[in-house]
Amino acid sequence: MIQRYVYGSPLPTEAVVRDLPVLPGDPECLTVRKDASSVSFSMPLEPDDMIFGLGETVRGINKRGHVYRSWNSDDIMHTEDRQSLYSSHNFIVISGKKRTLGLFLDDPGEVIWDLGDTSMEEIVITSLNGDLSLYVITGDSPRSVSRELRGLIGKSYLPPFWAFGYIQSRWGYGSAEDMDSVVHEHRSRGIPIDGVCLDIDYMDQYRDFTWHPEKIPDLAGLVARMRRENIHLIPIIDAGIPDDPEDRACKEGLEHDAFVKREDGTLFRAAVWPGLCFFTDYLNSRARAWFGSLYRPLLEAGVDGFWNDMNEPSLFYSMEGINLAYSVADELRGKNLRVDDNWKLQGTFAAVANNRDDYKSFYHDMDGLRVRHDKVHNLYGYGMTRATMDGMHAFDPDHRFLLFSRSSYIGAHRYGGLWQGDNRSWWAHLKLNLQMLPGLNMCGFLFTGADLGGFGSDTTEDLLIRWLELGIFTPLMRNHSALHTREQEVYRFKSWENMKNIITVRYALLPYLYSEYLKAVHHDDLFFRALAFDYPDDEIACQTEDQVMLGNECMIAPVYVQNTSGRVVYLPEDMLLVRLRAYNDMDLVPMKKGHHWVDARLHEALLFIRRGCCIPFASGKIESTVDIPDHPLYLIGWDPDEQGYTLCEDDGISYLEGTERTLKPSDPALKDSVIIRGDAQ
Ligand code: MIG
């Protein structure tokens with residue numbers, strides 16, 4: 001059941017797709033405090049209460065015991081102390097013996113989630129805007145509460161099938177030669193791949209919707225050549241539009257009056273990649289429609305996927321901010337700086353980027369409603385995602401496109417996916433990648449993944465292979481790294497064959513992964529879940545922070561510690577261990593409920609199938625997603641009752657409805673199936 005309460009005058013976020021009646025008063029379960037502008041909601045916690053959700057945030061699957069802050073931020077550290085990342089997903093489920101309760105705050109401004117930080121026994125959620133809709137969702141399990149929310153916020157984004165293939169990316173790829181070489185190095189070794197990303201260097205002087213005249217002399221030709229190799233090019237688009245009348249997007253944007261303005265009506269400017277930029281008012285439907293139309297030349301050239309970046313929006317500096325810093329520098333120039341002055345100088349320049357004062361200095365025109373940016377800050381990336389997807393649909397309403405964004409808010413999950421931003425080549429971030437997945441799914445973001453191998457810092461060979469062993473299960477499977485870091489394409493490493501073999505496992509699993517993804521989309525369900533969702537009465541399962549349920553049949557438990565040849569895995573029921581080395585090389589070991597040390601050498605990925613379930617696997621050599629339909633399937637798993645597996649399929653590219661068929665191990669067409677009928681050890 002969903003109950004809606006309203007505080008102040010909520011802003012039109014379009015996070016929800018259903019208009020629920022507003023109840024009078026306050027919800028019984030919360031203590032509500034209002035002051036001048038903010039409003040807070042508090043609630044005592046029971047010792048056994050767990051808290052799930054909050055989408056893209058640091059720390060564990062159970063969010064209890066830290067303070068989080070909804071304030072979309074370009075942050076390159078993702079350490080445990082961080083309160084904000086690129087997105088704000090204001091939904092939690094509190095789950096304990098006494099109750100299961102969901103809270104969704106539809107509030108696009110700053111919200112502070114003190115989830116047992118100030119006091120371990122209390123939750124305090126504070127909206128600094130004080131203008132919001134609060135949805136209180138009750139149900140008998142965290143999964144059903146999550147489903148209720150999803151029904152309220154609308155169906156999740158469905159990318160084309162090819163977007164589930166392996167994608168190679170790197171900041172630095174910018175030319176046709178780069179694309180050719182990446183593709184050649186993969187194809188010549190038989191490493192499966194479906195997409196290559198173009199990062200900002202493909203643009204002409206970092207200007208959106210341009211491409212470098214020398215590096216990419218013939219975009220349509222390049223796209224077509226790639227497509228013959230079954231490769232999709234995925235260019236990046238940034239949020240800022242350069243202040244330069246020679247720039248086409250700038251000229252048009254000025255004509256369309258599409259950019260955000262300051263209080264006095266002058267245009268707001270801040271620097272990003274191309275220098276000083278204007279910022280499209282994505283919260284205005286006219287501006288969105290215009291921005292969406294800018295993708296057209298790229299779409300006409302055959303591009304069918306994009307990633308949108310810098311849309312928190314990230315600001316390097318504003319003139320006001322940098323002038324202030326210059327004046328501090330002038331004042332201190334030539335002096336023998338004592339420590340305080342030294343800190344002042346350094347701090348002033350550090351504070352210039354993504355400065356709060358800048359976010360308070362411009363306004364949106366929300367189709368007639370003038371709103372200062374900081375009140376709606378967390379909607380900006382959502383607006384950009386929506387502008388892009390609407391633009392792509394206007395171009396071709398019948399086909400699905402790939403789109404993933406860095407910044408988002410609930411609602412954006414209907415228009416695109418997200419990647420988890422600038423992580424590091426740290427083992428801790430491999431674990432964080434896993435731990436973010438259930439919370440993101442709860443908030444509707446099913447199409448997600450992190451930069452495999454890590455974005456910042458130099459990766460190591462073992463980290464990359466372990467990370468690929470998790471990446472084979474995430475809907476977005478992209479290897480991406482930062483400029484100047486160690487090159488981390490699979491073929492750079494001595495053990496590339498092992499990595500290639502792991503990627504072949506991804507492709508063999510795709511019929512299953514895609515089928516489960518479709519089910520999650522159609523039924524507002526979760527592709528990834530905390531173990532607590534499936535085994536609420538099992539205390540150990542509830543406390544398991546480094547394994548997650550995948551689809552309806554599986555559990556994953558990746559190795560995320562260096563120099564280990566396995567890990568401890570907790571099985572909440574009897575499961576079949578599938579130790580995967582390649583699409584055609586695996587061990588199957590039925591195992592009993594309980595704790596086990598499970599061997600997993602560097603080139604071995606772990607998958608567990610629940611007792612009574614089986615999953616389809618594609619056989620044969622596959623080099624890209626186009627090959628998959630031609631390959632026969634077989635089943636792996638247990639099937640004492642001949643239940644089989646219900647495979648959900650569609651054409652992978654249109655919006656035509658899909659079909660379901662049940663695969664049974666007794667079907668002669670599935671004669672290669674490996675079905676365990678005995679008991680677990
Ligand atoms: O300021 O486009 O998160 O994936 O490679 C850095 C360059 C801008 C940040 C993105 C990252 C991308 C990088 N971008």
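Sequence positions, counted from 1, serve as the residue numbers for this chain. The model shown is predicted, which means the values in this text are computed figures rather than measured ones. First listed ligand is number 1; within each ligand, the first listed atom is number 1.
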Check: Asp106/Thr13 side-chain N/O donor and acceptor closer than 3.5 Å: yes
Salt-bridge present (Arg170, Asp178; N to O < 4.0 Å): no
Worked check of salt bridge (Lys or Arg N to Asp or Glu O under 4.0 Å) between Glu461 and Arg466: CA-CA 9 Å; Glu461 191 162 355; Arg466 286 302 193 198; over 6 Å; no
Matching residue for Asn72 among Ser314, Ser88, Ser87 - test: side chain to side chain donor-acceptor pair (under 3.5 Å): Ser88
Identify all N/O pairs between ligand 1 and the protein with a separation under 3.5 Å and present them as a table of atom names and distances.
{"from": "ligand 1", "atom 1": "1 (O)", "to": "Trp273", "atom 2": "NE1", "distance (Å)": "3.4"}
{"from": "ligand 1", "atom 1": "2 (O)", "to": "Asp199", "atom 2": "OD1", "distance (Å)": "2.5"}
{"from": "ligand 1", "atom 1": "3 (O)", "to": "Arg406", "atom 2": "NH1", "distance (Å)": "3.0"}
{"from": "ligand 1", "atom 1": "3 (O)", "to": "Asp422", "atom 2": "OD1", "distance (Å)": "2.4"}
{"from": "ligand 1", "atom 1": "3 (O)", "to": "Asp422", "atom 2": "OD2", "distance (Å)": "3.4"}
{"from": "ligand 1", "atom 1": "4 (O)", "to": "His480", "atom 2": "NE2", "distance (Å)": "2.9"}
{"from": "ligand 1", "atom 1": "5 (O)", "to": "Asp199", "atom 2": "OD2", "distance (Å)": "2.5"}
{"from": "ligand 1", "atom 1": "5 (O)", "to": "His480", "atom 2": "NE2", "distance (Å)": "3.0"}
{"from": "ligand 1", "atom 1": "14 (N)", "to": "Asp309", "atom 2": "OD2", "distance (Å)": "2.8"}

Aromatic plane relationship, Phe279 with Phe268 - under 30° parallel, 30 to 60° tilted, over 60° perpendicular: tilted
Sole residue of Thr625, Asn479, Thr504 in side chain to side chain donor-acceptor pair (under 3.5 Å) with Tyr166: Asn479
